[in-house]
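Okay, structure first, notes after.
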Amino acid sequence: MNSDYQRQQKRVDLVMETISEEINKLEDETSRRKSEVVGIRKQFWDEVKVNTDTFDDYLETIIGLRQEAQALSVSQSTHKHAASRLKKLYRMKDSPYFGRIDFKEDGSDTQEQIYIGISSLNDSSGEEFLIYDWRAPVSSVYYDYQPGRAEYETPEGTIKGSLEKKWQYLIRGGLLQSMFDTSLTIGDEILQQVLGKGTDKQMHSIVATIQQEQNRIIRHDSSRLLIVQGAAGSGKTSAALQRIAYLLYKYRDHLNPDQIILFSPNSMFNSYVSNVLPELGEENMQQVTFQEYLDHRLSAEFEVETPYEQLEYVLTAENTPAYGSRVAAIRFKASVQFYEAIESYRKSLEASGMQFTEITFRGKRIVTAKQIKDRFYSYDTSLRFHNRLEKLKDWLLSKVKETQIKERMKPWVQEEMELLSNEDYHKAHRYLAKKRGFKREAAADYEMEPEALARLIVQQRVKPLRKQIRAYQFIDHKEMYKQLFSGSKKIKGTPAEWETICEETLKMLDEDKLLYEDATPFLLLKELVQGFQINSSIKHIVVDEAQDYSPFQFEFLKRLFPSAQMTVLGDFNQAIFAHASEMSDFHVLTGLYGESETEVINIARSYRSTKPIIEFTRRLVPNGDQIIPFEREGEPPVLTQVTDHAELHHSITSKVEELRAHGYQSIAIICKSAEESSQTYEALSDIDELKLLRSNSLEYEQGVVVVPSYLSKGIEFEAVIIYDASARVYGDESLRRTFYTACTRAMHHLELFSVGGPSPFVHDVLGESLVQA
């Protein structure tokens, strides 16, 4: 074994030497290419003589410009490619590869040793692979098979053969620290090392420990919609990020990171996962929250409630009079039924119901709202809806033009002409001279007529109005959305509380406020009326924490990105939003693209927490027995009952000191709501460097943090303290998933405190000795 170890270290040395040689070569090349790019940019206009005297001169100028632009583009592309390769090689210097398979292809007399790492590497001749990229077709054998018969897919077809042996390596800084032959899917020894580590402020690449079920997610490529239902801590988010890296590798000729969007739960989560793709040598994709998209589209018109403000209401306002009707509204407005109701309503607007705002200029009415409405409904109904709107827009622009002509002779124009500053006067002179065909050097010869200046002044004042009309801002979308709740429109399947829902919705709209459950429906109506602002350049979207999205929102995303494939990740055991309370899986999404275009993958094994923590948490939810814990031992969760909050705060402060003494770097004190979190943060101010995470926090913080349950989703902590797991706080059945979500954040240690009797969720498992009380 020792000689084998030495032989493998010699191979590592050879690989490290090859990497260093390629780095040196590429450093020279990137430096040279960078100088080229800078040089071309500096000399761009010196190399091309701009001449527009004759058509031939003009053509020569265009050709010269194009040639220089092409040269710049080639140099920039080459520099970018070399710099990207250099980043991968720098990462490979620490750990060049992590696995090896000995594969004997059918019909061959010899077996090939295939070493696998984060990127491919050839020997100095360029003829032999020293390392295969983990995303290469042959590398799938490493993740999917135990020694024996194996196969993998290539563009040319299926390659079959025999997997003779499978090795794993742990290499750090060019030194082989451990190696072993394994008959497991992935050696548990390596996985144990990864899982046993502390967490830090960023998620990392786990390509060395991808499991077979995760590999299926990563390489899946046969359907429009991939739905991944995974238990808490099953690695679904990490697998999805590796999936993006795989797709960027496989389709590198026609897919780039700018064509992929990750919809993540919050900005803090964005910072947490931002490291994974760069670790694999890929540029990061676009990352956005759905709320950021809504704000971008609606914040100019409304004060838009955030999903966390909605959730905070649901978690804290259960004793208020309007609570029942608000929850009913959230559920109904999230449904496919309401989506179809809005589509039907938009169809009805072809016959009646369109609302418009009057067109005014300088406080005077040009066209009334009624005149616009009458004009719209006077058009031939055989015309398509959007063609009628287009004709209406052109008519309004003609009315503005008539006004423009009349205004030129008005006293206010003469006043503005007299009040023009010297600078504005000269600007107007230069503009009109150029418009009349005077070259720059001859502009002084142009005599500006007062009429021309008057026309220009009126034109500039009318310009914003014309822009508004072209953007269809004469349509009163708010008034049309209000009509849905005015009683004049009949909607199928409305809840019993519909009358109260209508009153509350209208009240908020009158205050220019948009509840979160109204934001996507309002935007859908606006898009259906004006014409959808689709984004066809996006080829793939990833939706994480998908159980937080409503069926309505998924329908909207499908319409917004018509050319995109979709990867949806979620866990309905963590479905804490009110609209998802009656759903248990993603069956509702199979209708998005049809069953033939939809694949559902369930991953049940949980890796985040120790076995005792998973044994406890899986009993908190229905069908929890389907969650399979990874065999990593640890201490059982601890429940401590205290008599009051003074004792609670003293106990938590002591516990934090104890956990820090045990070396835990990331400790979360998880509260039910933001309200409870703020109070807790103030009460525990004696804890050194305590941080409070809020919904607007931009970065995931390490250390000791106080965090609301819903903001902790998707993130893991070495130790978790549930602030108050009492029946008073977590007594309602609707909070079961919230409680489960909070408890499943713990990797190594879970501590529960309860002021008085514990939650019935905990009480249910006390008798099974899964909690140390």
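All values derive from a computational prediction rather than experimental measurement.
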Check your understanding: Taking side chain as C-beta onward, heavy atoms only, is D548 less than 4.5 Å from K713?
Key -> yes

**Study point:** Test item: Q286 side-chain N/O and D258 main-chain N/O as donor-acceptor pair under 3.5 Å
**Key:** yes

Study note, to complete from the structure: What one should report as the nearest heavy-atom pair of N573 and T741 is O-OG1, 4.3 Å

Exercise for review: Please identify each residue that fulfils side chain to side chain contact (heavy atoms under 4.5 Å, CB included) with S563, with sequence neighbours left out.
Suggested key: S536, K539

Less than 3.5 Å apart, which donor and acceptor atoms pair up between the side chains of residues 518-528 and the rest of the protein, not counting sequence neighbours?
{"from": "D518", "atom 1": "OD1", "to": "K333", "atom 2": "NZ", "distance (Å)": "2.9"}
{"from": "D518", "atom 1": "OD1", "to": "Y481", "atom 2": "OH", "distance (Å)": "2.6"}
{"from": "D518", "atom 1": "OD2", "to": "K333", "atom 2": "NZ", "distance (Å)": "3.1"}
{"from": "K526", "atom 1": "NZ", "to": "E301", "atom 2": "OE2", "distance (Å)": "2.7"}
{"from": "E527", "atom 1": "OE1", "to": "R297", "atom 2": "NH2", "distance (Å)": "2.8"}
{"from": "E527", "atom 1": "OE2", "to": "R297", "atom 2": "NH1", "distance (Å)": "3.4"}
{"from": "E527", "atom 1": "OE2", "to": "Q533", "atom 2": "N", "distance (Å)": "3.0"}

Review point. Hey, does E312 have a side-chain heavy atom less than 4.5 Å from the side chain of Y710?
Key: yes

Check your understanding: Looking at side-chain heavy atoms only, is the closest gap between E292 and S267 below 4.5 Å?
Key -> yes

Check your understanding: For G173, does its backbone N or O pair with a side-chain atom of D94 as donor and acceptor, under 3.5 Å?
Key -> yes

Review point. Excluding sequence neighbours, so at least two apart, what forms side chain to side chain donor-acceptor pair (under 3.5 Å) with D133?
Key: R135

Point to revise | Contacts of type side chain to side chain donor-acceptor pair (under 3.5 Å), residue Q574, not counting sequence neighbours | key: D571, R745

Check your understanding: After noting the C-alpha distance and the side-chain angles of R219 and D144, does the key distance pass the salt bridge (Lys or Arg N to Asp or Glu O under 4.0 Å) rule?
Key -> CA-CA 11 Å; R219 293 174 191 264; D144 286 342; 5.8 Å; no

Practice item. Using ring pair (Phe, Tyr, Trp, His ring centres under 6.0 Å) as the criterion, list what pairs up with F290, not counting sequence neighbours. Key: Y549

Check your understanding: Taking the six-membered ring where the residue is Trp, are the ring centres of F103 and Y152 under 6.0 Å apart?
Key -> yes

**Study point:** Residues that Y339 engages under ring pair (Phe, Tyr, Trp, His ring centres under 6.0 Å), provided they are two or more places apart
**Key:** F552

**Study point:** Pairing residues for A546 by the side chain to side chain contact (heavy atoms under 4.5 Å, CB included) criterion, not counting sequence neighbours
**Key:** V543, F554, V568, F586

Exercise for review: Determine the minimum heavy-atom distance between A668 and V707, stating which atoms define it.
Suggested key: CB-CG1, 4.3 Å

Exercise for review: Show your reasoning for whether side chain to side chain contact (heavy atoms under 4.5 Å, CB included) applies to I114 and V141.
Suggested key: CA-CA 10 Å; I114 294 162; V141 173; over 6 Å; no

Exercise for review: Report yes if some heavy atom in the side chain of K93 is under 4.5 Å from a heavy atom in the side chain of S20; otherwise report no.
Suggested key: yes

Point to revise | Validation row: H220, I217 side chains within 4.5 angstrom (heavy atoms) | key: no

Check your understanding: What pairs with Y97 under ring pair (Phe, Tyr, Trp, His ring centres under 6.0 Å), at least two apart in sequence or on another chain?
Key -> Y115, Y169

**Study point:** S609 (side chain) donor-acceptor with A746 (main chain) under 3.5 angstrom
**Key:** yes

Review point. Does any N or O in the side chain of H296 come within less than 3.5 Å of the main-chain N or O of Q291, such that one atom is a donor and the other an acceptor?
Key: no

Practice item. Output every pair passing ring pair (Phe, Tyr, Trp, His ring centres under 6.0 Å) with a member in residues 224-252, not counting sequence neighbours, ordered by first then second residue. Key: Y251-H254

Review point. So do the side chains of L121 and E22 get within less than 4.5 Å of each other, counting heavy atoms only?
Key: yes

Study note, to complete from the structure: Contacts of S335 meeting side chain to side chain contact (heavy atoms under 4.5 Å, CB included) (sequence neighbours excluded), chain-then-number -> F332, Q337, F338

Point to revise | Minimum heavy-atom distance N215-S140, with the two atoms named | key: ND2-O, 3.9 Å

In a table with atom names and distances, give each donor-acceptor pair under 3.5 Å that connects a side chain of residues 591-603 to protein atoms at least two apart or in another chain.
{"from": "E597", "atom 1": "OE1", "to": "R224", "atom 2": "N", "distance (Å)": "3.3"}
{"from": "T598", "atom 1": "OG1", "to": "G594", "atom 2": "O", "distance (Å)": "2.8"}
{"from": "E599", "atom 1": "OE2", "to": "R216", "atom 2": "NH2", "distance (Å)": "3.1"}

Review point. So, Y145 versus E151: side-chain donor-acceptor pair below 3.5 Å or not?
Key: no

**Study point:** Side chain to side chain, S264 and T289, heavy atoms closer than 4.5 Å
**Key:** yes

Point to revise | R91 and S119: side chain donor to acceptor below 3.5 Å | key: no

Study note, to complete from the structure: Distance col, row K250:NZ vs I218:CD1, nearest 0.5 angstrom, shows 13.5 Å

Check your understanding: Rounded to the nearest 0.5 Å, how far apart are CD1 of I116 and CD1 of I101?
Key -> 4.5 Å

Practice item. Calculate, to the nearest 0.5 Å, the distance between atoms OG and CD belonging to S222 and Q565 respectively. Key: 9.5 Å

Check your understanding: If every non-hydrogen atom of K691 is compared with every non-hydrogen atom of G703, which pair is closest and at what distance?
Key -> NZ-CA, 4.3 Å

Exercise for review: Determine, stepwise, if the pair R346 / I342 fulfils side chain to side chain contact (heavy atoms under 4.5 Å, CB included).
Suggested key: CA-CA 6 Å; R346 150 58 191 88; I342 288 181; 5.5 Å; no

Check your understanding: Okay, side chain of S95, backbone of I171: is any donor-acceptor separation there less than 3.5 Å?
Key -> yes

Review point. Can you tell me how far the CD atom of E716 sits from the OH atom of Y607, to the nearest 0.5 Å?
Key: 14.0 Å

Revision key, fill the gap. Minimal heavy-atom distance between S709 and S712, with the atoms involved, is O-OG, 2.7 Å

Review point. Are the side chain of S666 and the backbone of Q702 linked by a donor-acceptor contact shorter than 3.5 Å?
Key: no

Check your understanding: Within the side chain of E282, is there an N or O that forms a donor-acceptor pair under 3.5 Å with the backbone of L248?
Key -> no

Exercise for review: Using the side chain to side chain contact (heavy atoms under 4.5 Å, CB included) rule, take I260 and L255 through it: C-alpha gap first, then chi angles, then the decisive distance, then the call.
Suggested key: CA-CA 8 Å; I260 302 172; L255 181 67; 4.1 Å; yes

Check your understanding: Does R605 reach the main-chain N or O of F630 with its side chain, forming a donor-acceptor pair under 3.5 Å?
Key -> no

Revision key, fill the gap. Interatomic distance, CG@N122 vs CG@L130, rounded to 0.5 Å, equals 7.0 Å

Between side-chain atoms of residues 304-311 and protein atoms elsewhere (two or more places apart, or another chain), which donor-acceptor pairs fall under 3.5 Å?
{"from": "E305", "atom 1": "OE1", "to": "R326", "atom 2": "NH2", "distance (Å)": "2.8"}
{"from": "E305", "atom 1": "OE1", "to": "Y516", "atom 2": "N", "distance (Å)": "2.9"}
{"from": "E305", "atom 1": "OE2", "to": "R326", "atom 2": "NH2", "distance (Å)": "3.2"}
{"from": "T306", "atom 1": "OG1", "to": "Y308", "atom 2": "N", "distance (Å)": "3.4"}
{"from": "T306", "atom 1": "OG1", "to": "E309", "atom 2": "N", "distance (Å)": "3.0"}
{"from": "Y308", "atom 1": "OH", "to": "P265", "atom 2": "O", "distance (Å)": "3.0"}
{"from": "Y308", "atom 1": "OH", "to": "N266", "atom 2": "ND2", "distance (Å)": "3.2"}
{"from": "E309", "atom 1": "OE1", "to": "T306", "atom 2": "N", "distance (Å)": "2.8"}
{"from": "Q310", "atom 1": "NE2", "to": "E517", "atom 2": "OE1", "distance (Å)": "3.0"}

Practice item. Supply the atom-to-atom distance F532 CZ to H386 NE2, rounded to the nearest 0.5 angstrom. Key: 10.0 Å

Review point. Does the side chain of K88 reach to within under 4.5 Å of the side chain of I118, using non-hydrogen atoms?
Key: no

Point to revise | Intermediate values then yes/no, side chain to side chain contact (heavy atoms under 4.5 Å, CB included), Q168 and Y142 | key: CA-CA 10 Å; Q168 282 193 280; Y142 172 75; 3.2 Å; yes

